[in-house]
Peer 1: 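Handing you this structure, nothing more for now.
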There are 2 protein chains.
Amino acid sequence: MPRSRTRRPGSNHRESPHVQVLDRALTLLETLAREENGLGLVEAANRAQLHPSTTYRLLSTLVSHGFVTHDDETGRYRIGLKAFEVGSSFRPPSELRKLAPGVLRALMSLTGETANLAILERGEVTYIDQVESPSLLGMHARIGRRVPAHCTGAGKAILSRLSEEEVDAIIAEHGLPAHTPNTITERGRLLEELKRTREQGYALDNEEIEAGVRCVAAPVLDDKGRPVAALSVTGPVTRFHDDRLPMLINAIRAAAADLSSKLGYRPS
Amino acid sequence: MPRSRTRRPGSNHRESPHVQVLDRALTLLETLAREENGLGLVEAANRAQLHPSTTYRLLSTLVSHGFVTHDDETGRYRIGLKAFEVGSSFRPPSELRKLAPGVLRALMSLTGETANLAILERGEVTYIDQVESPSLLGMHARIGRRVPAHCTGAGKAILSRLSEEEVDAIIAEHGLPAHTPNTITERGRLLEELKRTREQGYALDNEEIEAGVRCVAAPVLDDKGRPVAALSVTGPVTRFHDDRLPMLINAIRAAAADLSSKLGYRPS
DNA sequence: GACGATTGTTGCACAAAGTGAAAATAGCTG
DNA sequence: CAGCTATTTTCACTTTGTGCAACAATCGTC
């Protein structure tokens with residue numbers, strides 16, 4: 001209820017308060033998280049668009065809490081154990097965390113491929129759990145990795161269960177950037193693809209985000225029929241050839257149906 | 001309301017610069033991470049010893065970056081997906097991350113118990129990887145959980161390979177708080193236990209951190225002989241009875257020796 | 001259903017706290 | 001060892017975050 005503002009009407013306080021320093025520190029953290037090998041002080045400052053001096057103070061504070069570690073050998077900063085510790089305490093909504101591992105394990109042993117669980121948040125997909133294939137040539141979409149929705153199996157699987165408005169909102173925010181020649185970059189074609197995905201109950205990523213990598217995915221629905229997540233198996237094209245696709249599709253659909261029903265979804 | 005002046009008492013020589021707001025925000029994050037079910041605004045403010053007003057602003061900023069989520073139903077704040085994402089990019093030192101999963105898997109299937117990998121940092125133990133037992137009654141020390149060193153198998157395993165000075169430094173910082181009646185709370189007894197641990201090559205946690213839970217662990221040594229981590233298996237006393245202990249001990253020692261040799265350790 | 005108690009949100013005056021420039025220091029490289 | 005570049009420290013300035021207090025929205029209790 002937007003209630004009477006006895007104050008002056010010209011107030012612009014529509015948005016939540018922003019604390020600048022914190023804003024910057026978080027950006028810095030996100031920047032570091034993107035760099036496997038850490039960053040030097042100035043490098044970090046440049047990428048985060050901050051003054052080296054500021055960066056130095058922020059990093060010092062982050063280090064003192066263990067959110068960042070400073071490698072004394074190389075002088076590089078990288079994400080620290082405390083960040084891992086805090087991040088690990090994230091709990092996905094619903095019962096997913098409890099139920100998914102079993103389903104993932106089953107899916108992996110059935111297909112022999114790395115099985116992933118992903119969720120959609122703020123228009124992008126994040127892998128939150130996985131069971132790795134023992135195969136040496138297994139693809140491993142790293143847990144915690146955030147990727148665009150329009151060019152991943154998991155993303156398309158979830159999008160296929162959203163309304164056109166919701167999909168449009170995501171396109172508006174993130175666009176449809178190309179990652180490989182196969183990436184779908186036009187709204188029309190994407191909607192078409194999502195329609196087919198929805199009808200068939202699975203999504204295919206045919207080297208759309210990375211050359212040489214294919215992926216089969218299906219949406220996981222909760223008791224209200226909302227697509228809360230997606231299951232996917234990922235692997236090299238050499239193992240995801242047309243002969244094997246039907247098997248993979250069956251497996252992923254069965255697994256998704258299983259998990260959905262465990263979440264209380266009842267197909268209407 | 002005690003307005004906390006974040007002043008470092010004691011020696012303020014060569015101290016890294018502290019950014020107060022960030023300090024507070026990180027404390028807030030750590031506070032939230034400890035609460036499975038999230039916290040309301042004032043609750044969070046109280047636990048983090050901050051003014052509600054300040055807390056409100058900090059949380060708003062954290063939410064806008066996705067490090068914290070705000071449940072609109074309950075009004076509670078909890079750790080968000082971005083924190084998970086950033087935390088997942090943490091990489092333990094050395095080759096551990098790559099080599100551990102295989103060893104953990106082997107250890108788990110050999111023993112049937114949940115196998116963990118833990119490291120020591122700042123005098124405390126953090127579980128950084130695990131392979132869960134399929135057993136329904138499996139114990140699961142949550143990944144990312146930080147626990148004291150003196151009352152855990154993994155902690156004692158690592159401590160057993162440190163110098164007495166190093167152990168003393170840790171005791172000085174963290175003390176030896178009791179968690180169960182079995183916790184070792186005296187320096188002398190702990191050192192004795194560590195000596196035995198070192199000689200026998202494994203550590204036993206006999207319900208020292210939690211009643212009903214036992215654990216067997218062994219240190220993982222790198223090429224310089226430093227204890228970089230520990231492997232452990234954890235389970236309920238009912239399954240960790242005396243008849244089975246020898247088997248578990250053998251398995252954990254073999255696994256640790258295997259992993260150590262893969263890291264380049266050569267027993268002298 | 002009214003009352004007080006508790007929690008969440010916003011405005012504001014003030015000074016503490018963070019800022020960036022620039023200087024000092026340390027590390028490299030040719 | 002001169003000339004870089006990266007890091008750390010110092011400092012004067014003022015932006016920014018602060019805590020208070022008022023306000024609003026909830027909640028529980030009698």
Side-chain angles (χ1 to χ4, degrees), chain A residues 1-28 31-32 35 37-65 68-78, chain B residues 1-8 11-28 31-32 35 37-65 68-78:
Chain A
M1 272 167 286
R3 239 350 357 220
S4 65
R5 182 174 295 255
T6 352
R7 308 266 147 241
R8 46 204 62 164
S11 310
N12 48 347
H13 305 294
R14 291 275 56 202
E15 45 183 79
S16 24
H18 269 287
V19 178
Q20 194 187 68
V21 213
L22 183 49
D23 233 327
R24 293 175 166 182
L26 297 178
T27 306
L28 201 46
T31 305
L32 281 182
E35 304 291 331
N37 303 315
L39 289 173
L41 180 62
V42 270
E43 281 176 296
N46 289 335
R47 311 234 180 154
Q49 311 234 59
L50 294 174
H51 197 279
S53 183
T54 301
T55 308
Y56 178 68
R57 284 184 302 254
L58 294 180
L59 284 175
S60 297
T61 309
L62 287 166
V63 167
S64 81
H65 280 254
V68 168
T69 36
H70 185 227
D71 186 332
D72 289 316
E73 308 270 307
T74 66
R76 309 191 131 233
Y77 293 91
R78 63 187 71 223
Chain B
M1 215 87 353
R3 71 193 167 298
S4 50
R5 179 134 311 189
T6 320
R7 254 277 147 76
R8 273 275 122 95
S11 64
N12 16 347
H13 289 356
R14 36 183 30 256
E15 276 215 359
S16 5
H18 271 286
V19 178
Q20 193 188 69
V21 212
L22 183 50
D23 233 328
R24 293 174 166 183
L26 297 178
T27 305
L28 201 45
T31 305
L32 281 182
E35 304 292 331
N37 303 314
L39 288 172
L41 179 61
V42 270
E43 279 176 296
N46 288 336
R47 309 232 182 161
Q49 308 234 58
L50 296 174
H51 197 279
S53 181
T54 300
T55 308
Y56 178 67
R57 284 184 301 252
L58 294 180
L59 284 175
S60 296
T61 309
L62 287 166
V63 167
S64 81
H65 279 255
V68 167
T69 38
H70 185 229
D71 186 332
D72 289 317
E73 307 271 307
T74 67
R76 310 193 129 229
Y77 294 91
R78 64 186 72 221

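Convention: sequence-line order gives letters A, B, ...; per-chain numbering from 1.
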Peer 1: Any ion pair linking E35(A) and R76(A) (charged N to carboxylate O, less than 4.0 Å)?
Peer 2: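 No.
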Peer 1: State whether a side-chain donor-acceptor pair under 3.5 Å links S53(B) with R57(B).
Peer 2: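 Yes, side-chain donor-acceptor contact under 3.5 Å.
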Peer 1: Let me know the distance between CG of L62(B) and P of dG17(D), rounded to the nearest Å.
Peer 2: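 From L62(B) CG to dG17(D) P: 13 Å.
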Peer 1: Do T69(A) and V63(A) have side chains that approach each other closer than 4.5 Å (heavy atoms only, starting at C-beta)?
Peer 2: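 No, side chains not in contact.
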Peer 1: What is the distance from CG of D72(B) to P of dA25(D), rounded to the nearest Å?
Peer 2: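 These atoms are roughly 16 Å apart.
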Peer 1: For V19(A) and L41(A), take the nucleotide of DNA chain D holding the closest heavy atom to each; which residue's nucleotide lies nearer the 5' end?
Peer 2: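 In this pair, the answer is L41(A).
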Peer 1: Does any part of the side chain of V21(A), heavy atoms only, come nearer than 4.5 Å to the side chain of T54(A), both counted from C-beta?
Peer 2: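 No. Closest side-chain heavy atoms not under 4.5 Å.
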Peer 1: When the distance from NE2 of H70(B) to C1' of dT9(C) is rounded to whole Å, what number comes out?
Peer 2: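 Computing the H70(B):NE2 to dT9(C):C1' distance gives 11 Å.
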Peer 1: Could you tell me the separation between the CG atom of N46(A) and the C1' atom of dA6(D), rounded to a whole number of Å?
Peer 2: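 Rounded to the whole Å, the gap is 11 Å.
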Peer 1: Are L59(B) and Y77(B) side-chain neighbours, meaning at least one heavy-atom pair lies under 4.5 Å?
Peer 2: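 Yes - at least one pair of side-chain heavy atoms lies under 4.5 Å apart.
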Peer 1: How close or far is atom P of dA17(C) from atom CG of D23(B), stated in whole angstroms?
Peer 2: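 That distance rounds to 12 Å.
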Peer 1: Reading DNA chain D from 5' onward, which residue's closest nucleotide shows up sooner: V42(A) or R24(A)?
Peer 2: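 The residue whose closest nucleotide sits nearer the 5' end is V42(A).
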Peer 1: Taking for each residue the nucleotide of DNA chain C with the nearest heavy atom, is it E73(A) or V21(A) whose nucleotide lies nearer the 5' end?
Peer 2: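 Mapping each residue to its closest nucleotide by heavy atoms, the 5'-most match is V21(A).
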Peer 1: Got a sec? Which of residues 49-59 of chain A come in under 4.0 Å of DNA chain D, heavy atoms?
Peer 2: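 Heavy-atom contacts with DNA chain D come from S53(A), Y56(A).
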Peer 1: Between atom CZ in R76(A) and atom P in dG27(C), what is the gap in whole Å?
Peer 2: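 Between P of dG27(C) and CZ of R76(A): 17 Å.
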Peer 1: Nearest-Å distance, NE2 (H18(B)) to P (dT9(D))?
Peer 2: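 Roughly 13 Å, once rounded to whole Å.
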Peer 1: Is there a side-chain contact between H65(A) and T27(B) in this structure, where contact means two heavy atoms from C-beta onward sitting under 4.5 Å apart?
Peer 2: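 In contact.
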